[in-house]
Number of protein chains: 2
Amino acid sequence: MTPRTDTRERIVEAARQLFHSQGYAATGVAQILKAADAKSGSLYYFFPTKEDLLLAVLEWYKQNLWPQVIDPVYDRVTDPIERIFGVMHGYRQMLTYTECRQGCPIGNLALELADTHPAARQMIADNFTGWRNAIKLSVEAAMDRLPEDTDAESLASFILTVMEGGMMQAKAYKHLEPFETAVAQLRDYFDRLLADGTNWNAPQRGDGAEPLDAPQVHDNPSTADRDGRDRAD
Amino acid sequence: MTPRTDTRERIVEAARQLFHSQGYAATGVAQILKAADAKSGSLYYFFPTKEDLLLAVLEWYKQNLWPQVIDPVYDRVTDPIERIFGVMHGYRQMLTYTECRQGCPIGNLALELADTHPAARQMIADNFTGWRNAIKLSVEAAMDRLPEDTDAESLASFILTVMEGGMMQAKAYKHLEPFETAVAQLRDYFDRLLADGTNWNAPQRGDGAEPLDAPQVHDNPSTADRDGRDRAD
DNA sequence: GTCTATAGAAGGATAGAC
DNA sequence: GTCTATCCTTCTATAGAC
């Protein structure tokens, strides 16, 4: 047999996708092996237990936060406030592609495993911290437009809160609306924070800080999906 | 044997607690039976499948939202804004009692099961809708102090978003701080909404609408847990 | 590193007596 | 309605050849 050098990665990738769409406990090792086209001998050669495979998946998410989630947005958008909403827009697009299935992989695993799998809980917390730090960079970059007593850490944490809470409801309702609403309310909050920003010499929105090729990044609250249809399927 | 008349309820209650602390897939029928002191014959007499038991648990949560969550707060607090933060405070207390374990039972089940168990997903959505409607009542009661274009439904949905996102992070970090932060930021948002409220003839906070016996309901943002210790265990 | 085969426990669910 | 006994599947993990 030609020995494949990517077996470990294929197993991690298959596990990652299955954990995301079905959850950890509901995904059997046999199912992962089938999806990865591998045999149990290979899996247990790389990972002592299923939980170690889970930790590798969580490590993958940690490593891929910037290349997969942050960079694509921060490369297109320069204005710090719009970078934040650009990241939210990225999740919105994911919800659209998946018809609101799956949601946030870290959030899913957090609620399923935090109480029963201590090592996984720590990795999940690390993932949240990484995300919050990425957003915090943008909050800090916008500090000159925000109220003087703004705590960048708290505001970044709140943005994570809104993202996770919005994704959860979108998944529960199988509808984009609750997520759109959450983002629109967060935008309203930011508008009020910016209106209260005391440093009027700092650059404002629309002064060229926001590139022209990223208009789709701005979620317009007034055009949020409000067609009145029932949120159920 | 003395036939017990509460067997069904004991099974539902045991399942409810175990699903809350371990998740649905991770909880075995045998474990439920042991906790409920019942035998499989009884369980399958009342419930055709484990999933039907899950639906009964979700029905229980629906029935108990007002008596267990809303009424205890609304009975103590009359000011509509403080009622909202009183409900948040109730969850804060639960997090304290459980040392940030468990979190929101509905949120947990939402992320674990929404994609794979359609009937459960619908019940979960119904639970969210019930919660949102309860909060919406208070938002509507405060409309005369909020900006004219406030959408009570959206704001109530956003409050649910903040609650769920905050609980998730508290569970992931095993620390109250992210929840406190979320509530403090939501309070800040409300303060800004109220400051923008145009109807200055409407009753304001501190005019007696808020009862004196409920001072503990107000989460003071400036006293939020900020001891700087690492959020891990 | 990967294969086949399988151990050994736990999973959900059923049958039939009482 | 509740009991015991058990069926059959699936689970995680291991053993040992290659």
Side-chain angles (χ1 to χ4, degrees), chain A residues 1-58 60 108-109 112-113 115-120 123, chain B residues 1-58 60 108-109 112-113 115-120 123:
Chain A
M1 289 295 166
T2 328
R4 287 193 260 193
T5 55
D6 61 339
T7 307
R8 201 195 116 107
E9 286 136 86
R10 282 191 348 264
I11 290 172
V12 172
E13 174 61 14
R16 187 184 68 77
Q17 289 179 12
L18 287 164
F19 291 166
H20 192 188
S21 48
Q22 301 183 331
Y24 175 74
T27 299
V29 169
Q31 196 180 5
I32 296 168
L33 293 172
K34 190 172 179 181
D37 191 25
K39 297 293 189 289
S40 77
S42 296
L43 193 154
Y44 286 102
Y45 171 77
F46 293 110
F47 307 103
T49 69
K50 184 189 175 187
E51 185 171 0
D52 289 291
L53 173 54
L54 168 66
L55 297 179
V57 166
L58 288 167
W60 184 94
N108 295 355
L109 295 172
E112 184 185 356
L113 304 170
D115 289 351
T116 48
H117 296 69
M123 290 286 294
Chain B
M1 291 294 167
T2 329
R4 287 193 257 190
T5 55
D6 62 341
T7 307
R8 201 194 115 107
E9 284 136 86
R10 278 188 356 261
I11 292 172
V12 171
E13 175 60 14
R16 186 185 70 76
Q17 290 179 11
L18 287 165
F19 292 166
H20 192 189
S21 48
Q22 301 184 331
Y24 174 74
T27 300
V29 169
Q31 197 179 6
I32 296 168
L33 293 172
K34 190 172 179 183
D37 191 27
K39 297 293 190 285
S40 75
S42 296
L43 193 154
Y44 287 102
Y45 171 78
F46 293 111
F47 307 103
T49 69
K50 185 188 174 188
E51 185 172 357
D52 289 290
L53 172 55
L54 168 66
L55 297 179
V57 167
L58 288 167
W60 184 94
N108 295 354
L109 295 172
E112 185 185 354
L113 305 170
D115 289 351
T116 47
H117 296 68
M123 290 287 292

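Reminder, nothing fancy here: chain letters follow the sequence lines and each chain counts from 1.
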What integer distance in Å separates [X]:[atom1] from [N]:[atom2]?
{"X": "Gln31(A)", "N": "dT9(D)", "atom1": "CD", "atom2": "P", "value": "18 Å"}
{"X": "Leu54(A)", "N": "dA13(D)", "atom1": "CG", "atom2": "P", "value": "12 Å"}
{"X": "Leu43(A)", "N": "dT12(D)", "atom1": "CG", "atom2": "C1'", "value": "10 Å"}
{"X": "Tyr44(B)", "N": "dA17(C)", "atom1": "OH", "atom2": "C1'", "value": "20 Å"}
{"X": "Leu33(A)", "N": "dG1(C)", "atom1": "CG", "atom2": "C1'", "value": "14 Å"}
{"X": "Phe46(A)", "N": "dA13(D)", "atom1": "CZ", "atom2": "P", "value": "17 Å"}
{"X": "Phe47(B)", "N": "dT2(D)", "atom1": "CZ", "atom2": "P", "value": "11 Å"}
{"X": "Tyr45(A)", "N": "dA13(D)", "atom1": "OH", "atom2": "C1'", "value": "18 Å"}

> Run the side chain to side chain contact (heavy atoms under 4.5 Å, CB included) check on Ile32(B) and Leu53(B) step by step: do they pass?
Replying inline: CA-CA 10 Å; Ile32(B) 296 168; Leu53(B) 172 55; 4.0 Å; yes
> Less than 4.0 Å between a side-chain N and a carboxylate O, is that true for Arg10(B) and Glu13(B)?
Replying inline: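 No, no charged N to carboxylate O under 4.0 Å.
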>> On a heavy-atom basis, which atom in Tyr24(A) and which in Leu54(A) lie closest, and how many Å separate them?
In response: CE1-CB, 3.6 Å
> Are the side chains of Leu18(B) and Gln31(B) in touch, meaning some heavy atoms are under 4.5 Å apart?
Replying inline: yes
> Is there a side-chain polar atom (N or O) of Thr7(A) under 4.0 Å from OP1 or OP2 of dT2(C)?
Replying inline: yes
[X] side chain, from C-beta outward: closest of [options]:
{"X": "Ser42(B)", "options": "dA13(D), dA13(C), dC3(D)", "answer": "dC3(D)"}
{"X": "Lys39(A)", "options": "dT12(D), dT2(D), dC3(C)", "answer": "dC3(C)"}
{"X": "Ser40(B)", "options": "dG1(D), dT14(C), dT12(D)", "answer": "dT14(C)"}

>> Please compare Gly41(A) and Gly28(A) by the position of their nearest nucleotide in DNA chain D and report the one closer to 5'.
In response: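 Upstream on the strand: Gly28(A).
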